[in-house]
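Below: one structure, written as structure tokens.
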Amino acid sequence: MLQVNYIRENKNLVLERLRVKNFSQPQLIEEIIDLDDQKKTLQLQVETLQANANVAAKQVGDLIKKGKHSQAEAIKNSTIIAKENIKNLLVKINDTEQVLHQKLILIPNLPHTSVPKGKTSDENEVVLSYGYTPTLPENALPHWDLAAKYNLIDFELGVKITGAGFPVYKGKGAKLQRALINFFLAEAEAAGYHELMLPLLVNEASGFGTGQLPDKEGQMYFCNTDNLYLIPTAEVPITNLYRDVMVKENELPIKNCGYTPCFRREAGSYGAHVRGLNRLHQFDKVEIVQIAQPYHSYEILEQMSLHVQQLLQKLGLQYRVLRLCGGDMSFASALTYDMEVWSAAQKRWLEVSSVSNFETFQSNRLKLRYKTTEGKTQLAHTLNGSALALPRIVAAILENYQTSNSIQIPTCLHPYTGFASIS
RNA sequence: GGAGAGAUGUCAGAGUGGUCGAAUGAGCCAGCUUGGAAAGCUGGUGUACUGGCAACGGUACCGAGGGUUCGAAUCCCUCUUUCUCCGCCA
């Protein structure tokens with residue numbers, strides 16, 4: 001959520017930046033400023049009345065103490081009208097604020113100046129490519145066939161007990177999952193992240209704090225009886241740990257990480273491109289999250305991007321880094337890098353990580369602030385990234401490391417799997 | 001799930017319907033003191049919105065939301081949450 005005062009003071013810049021994100025309702029900016037003006041006028045009125053009422057109430061107290069009851073009664077009567085006015089004005093202010101808020105939360109975050117213009121993922125900018133395309137054996141298989149061939153993942157069993165998109169990992173397939181999680185967590189810890197184990201269900205305030213609500217309500221599973229949402233990413237519980245929190249500047253940057261399953265409804269996405277592990281309703285992910293001073297956040301974004309890239313390098317996967325264009329970025333992000341690995345048998349890029357700087361967009365909703373060493377309070381910047389999401393990594397490992405009769409496990413995982421190949 | 005007791009500032013912890021943004025203590029910051037430190041002394045020390053060029057003001061906030069009242073931290077209602085006891089349970 002943007003700050004009203006920022007919008008007011010930088011109206012033209014805001015409008016220009018929103019064009020990069022292809023924002024379709026620029027008139028909202030003017031409406032927001034108008035509503036804020038109205039609110040201020042009303043607030044000034046009501047506060048004047050309240051100040052008078054406070055004085056009057058004090059006078060009544062004094063007069064009663066001095067035994068001047070008739071004078072006290074006179075003042076009492078005179079305040080009754082003012083009270084009515086205050087009440088009405090407060091209702092008006094509340095209404096205005098609500099309309100203002102409703103409009104404000106429709107404004108996406110402003111993209112960073114380096115964000116390319118563009119409407120679709122075709123216009124994302126390839127920042128760098130790394131690694132070589134592996135040479136596969138003649139009869140190379142896509143990962144879903146490999147998963148069946150080596151009895152690693154059972155998609156049909158998942159359909160039976162839950163539904164499509166909830167695979168059952170078996171034997172070495174399950175162990176590979178556990179190994180990847182441990183590898184990712186160990187790497188995150190080595191990079192200075194503090195490990196957390198988190199609730200998988202969150203309340204509405206948390207969903208709002210990180211921007212999933214109201215924007216992506218339909219993407220989250222919802223437990224009606226208890227009013228809780230299943231988390232679509234560990235970003236939600238981790239970042240919301242700092243909702244309504246004031247941190248000290250010398251504590252920054254705060255680096256947290258956590259492994260969680262992630263639940264996404266992915267309503268309306270079916271077909272060949274979501275086959276196998278390409279898109280799931282439940283998947284595992286290690287997330288890294290940082291809270292930083294505004295003047296450090298872009299440097300930190302690069303560090304986080306590097307951290308993710310190093311994971312991919314250690315896994316020996318060919319990847320590329322994209323800077324998302326305005327049209328492909330998320331609502332809340334100011335700058336996002338997507339990492340994609342090459343899925344050699346499917347012959348396509350798979351997104352395995354997304355690293356974003358939200359600047360103050362989340363922290364304004366969260367009321368996550370820090371006190372500078374000079375004693376000023378200001379909103380912190382929040383950043384997060386997947387490091388990494390498992391299913392597509394597994395897909396790429398299975399496909400890229402296949403031989404005609406086995407799958408070789410990347411060396412960095414051997415200490416975690418306890419085996420070097422699957423056959 | 002049932003019964004009871006709580007929720008006050010950074011923390012601990014007072015608080016009679018008016019003099020309460022809130023005692024007291026600790027912490028923290030600054031100054032004095034000191035060769036330096038500790039102790040001691042003095043002063044300061046919440047957040048949000050808002051008026052004003054500023055100096056300096058105003059309003060709101062005692063878990064959240066309503067209500068009673070001229071006036072609410074204090075009384076009433078609802079909710080959230082913590083603790084204790086009982087029940088159930090991995």
Side-chain angles (χ1 to χ4, degrees), chain A residues 1-9 32-105 197 199-209 213 223-229 237 240-252 254 291 360-380:
Chain A
M1 187 164 69
L2 300 180
Q3 296 168 87
V4 180
N5 282 339
Y6 183 86
I7 294 177
R8 177 191 290 282
E9 286 158 23
I32 283 168
I33 295 172
D34 283 350
L35 282 164
D36 192 47
D37 284 341
Q38 286 174 35
K39 194 195 98 181
K40 279 186 183 174
T41 311
L42 291 168
Q43 193 169 329
L44 208 56
Q45 285 174 26
V46 81
E47 285 182 1
T48 310
L49 289 173
Q50 280 172 329
N52 292 339
N54 286 344
V55 170
K58 243 168 214 158
Q59 285 174 346
V60 171
D62 289 342
L63 289 169
I64 289 173
K65 228 172 253 169
K66 290 176 189 156
K68 299 178 179 170
H69 291 281
S70 56
Q71 287 181 39
E73 282 306 314
I75 296 179
K76 270 193 200 181
N77 291 334
S78 74
T79 56
I80 289 170
I81 303 158
K83 236 183 91 177
E84 226 14 71
N85 284 338
I86 289 173
K87 218 174 182 175
N88 293 337
L89 280 169
L90 284 175
V91 171
K92 250 192 212 169
I93 289 175
N94 193 24
D95 291 349
T96 311
E97 272 178 344
Q98 277 193 15
V99 177
L100 177 63
H101 186 251
Q102 290 307 316
K103 291 188 192 272
L104 203 54
I105 60 178
M197 196 165 255
L200 305 182
L201 289 97
V202 293
N203 55 32
E204 192 183 339
S206 294
F208 178 78
L213 294 175
C223 301
N224 201 35
T225 323
D226 298 291
N227 256 293
L228 296 170
Y229 295 85
N240 272 282
L241 254 26
Y242 296 88
R243 175 150 44 85
D244 295 317
V245 166
M246 176 93 74
V247 296
K248 293 195 185 103
E249 183 165 17
N250 61 21
E251 295 167 344
L252 298 174
I254 294 171
I291 299 166
T360 58
F361 194 81
Q362 290 183 330
S363 59
N364 190 33
R365 287 188 172 201
L366 293 160
K367 296 200 170 50
L368 161 52
R369 292 160 303 170
Y370 73 99
K371 193 155 246 173
T372 65
T373 38
E374 296 88 46
K376 251 181 72 187
T377 56
Q378 64 180 91
L379 294 171

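Letters A, B, ... mirror the listed sequences (proteins, then strands); counts begin at 1. This is a predicted model, so every value here is computed, not measured.
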Say you pick atom [atom1] in [N] and the same atom in [M]; how far apart are they, in whole Å?
N      : M      : atom1 : result
B/rU33 : B/rU50 : P     : 44 Å
B/rA22 : B/rG58 : P     : 12 Å
B/rG9  : B/rG67 : P     : 25 Å
B/rC28 : B/rA38 : P     : 10 Å
B/rG21 : B/rG44 : C1'   : 16 Å
B/rA60 : B/rG71 : C1'   : 16 Å
B/rC20 : B/rG15 : P     : 16 Å
B/rU78 : B/rC29 : C1'   : 43 Å

Whole-Å distance separating the [atom1] atom of [X] from the [atom2] atom of [N]:
X        : N      : atom1 : atom2 : result
A/Lys40  : B/rA48 : NZ    : P     : 16 Å
A/Leu89  : B/rC49 : CG    : P     : 21 Å
A/Met246 : B/rA48 : CE    : C1'   : 10 Å
A/Leu379 : B/rU47 : CG    : C1'   : 13 Å
A/Asp244 : B/rU10 : CG    : P     : 13 Å
A/Glu97  : B/rA48 : CD    : C1'   : 11 Å

List for me each residue that meets side-chain hydrogen bond (donor to acceptor under 3.5 Å, both in side chains) alongside [X], sequence neighbours excluded, and say none if there are none.
X        : value
A/Arg243 : A/Ser206, A/Asn240
A/Glu47  : A/Gln43
A/Asn364 : none

Tabulated below should be each protein N or O lying under 3.5 Å from an N or O of nucleotides 53-63 of chain B; please produce it.
{"unit_1": "B/rG58", "atom_1": "N2", "unit_2": "A/Glu47", "atom_2": "OE1", "d": "2.9"}
{"unit_1": "B/rG58", "atom_1": "N2", "unit_2": "A/Glu47", "atom_2": "OE2", "d": "3.2"}
{"unit_1": "B/rU59", "atom_1": "OP1", "unit_2": "A/Asn54", "atom_2": "ND2", "d": "3.2"}
{"unit_1": "B/rU59", "atom_1": "O3'", "unit_2": "A/Gln50", "atom_2": "OE1", "d": "3.4"}
{"unit_1": "B/rU59", "atom_1": "O2'", "unit_2": "A/Gln50", "atom_2": "OE1", "d": "2.8"}

Taking only residues two or more places apart in sequence, or in another chain, which ones meet [X] in a salt bridge (Lys or Arg N to Asp or Glu O under 4.0 Å)?
X        : result
A/Glu73  : A/Lys76
A/Lys103 : A/Glu31
A/Asp62  : none

(message) So, taking the atom named CE in A/Met246 and the one named OH in A/Tyr370, what distance separates them when rounded to the nearest 0.5 Å?
(response) 12.0 Å

(request) Scan residues 362-371 of chain A against RNA chain B and write down, sorted by residue number, each residue with any heavy atom closer than 4.0 Å; if none is found, say none. (result) A/Arg369, A/Lys371

(request) Go along nucleotides 67-83 of chain B 5' to 3' and tag each nucleotide: B for a protein heavy atom under 4.0 Å from its base, S when only backbone or sugar atoms are that close, - otherwise. (result) ---BS------------

(request) Return the stems involving RNA chain B, sorted by first number, where pairs are Watson-Crick (N1-N3 with N6-O4 or O6-N4) or G-U wobble (N1-O2 and O6-N3), both under 3.5 Å, and runs are 3 or more long. (result) B:1-7 with B:80-86, B:10-12 with B:24-26, B:27-32 with B:40-45, B:46-51 with B:56-61, B:63-67 with B:75-79

(request) Carefully, step by step, assess A/Gln45 and A/Asn85 under the rule side-chain contact (heavy atoms from CB on, under 4.5 Å). (result) CA-CA 10 Å; A/Gln45 285 174 26; A/Asn85 284 338; over 6 Å; no

For the residue pair [X] and [Y], establish whether any side-chain heavy-atom pair is separated by less than 4.5 Å.
X        : Y        : value
A/Tyr229 : A/Leu201 : no
A/Tyr6   : A/Thr360 : no
A/Ile291 : A/Glu251 : no
A/Gln362 : A/Leu368 : no

(request) Scan for ring-ring contact (aromatic ring centres under 6.0 Å, His included) pairs involving residues 58-82 of chain A, sequence neighbours excluded, and state none if there are none. (result) none

(message) Going by side chain to side chain contact (heavy atoms under 4.5 Å, CB included), name the residues that satisfy it together with A/Asp95, two or more places apart in sequence or in a different chain.
(response) A/Val91

(request) Any chance you could lay out the side-chain contact (heavy atoms from CB on, under 4.5 Å) test for A/Lys39 and A/Leu35, step after step, and finish with the verdict? (result) CA-CA 6 Å; A/Lys39 194 195 98 181; A/Leu35 282 164; over 6 Å; no

(request) Please check the phosphate of B/rG46 (OP1 and OP2 only) for any side-chain N or O of A/Thr377 closer than 4.0 Å. (result) no

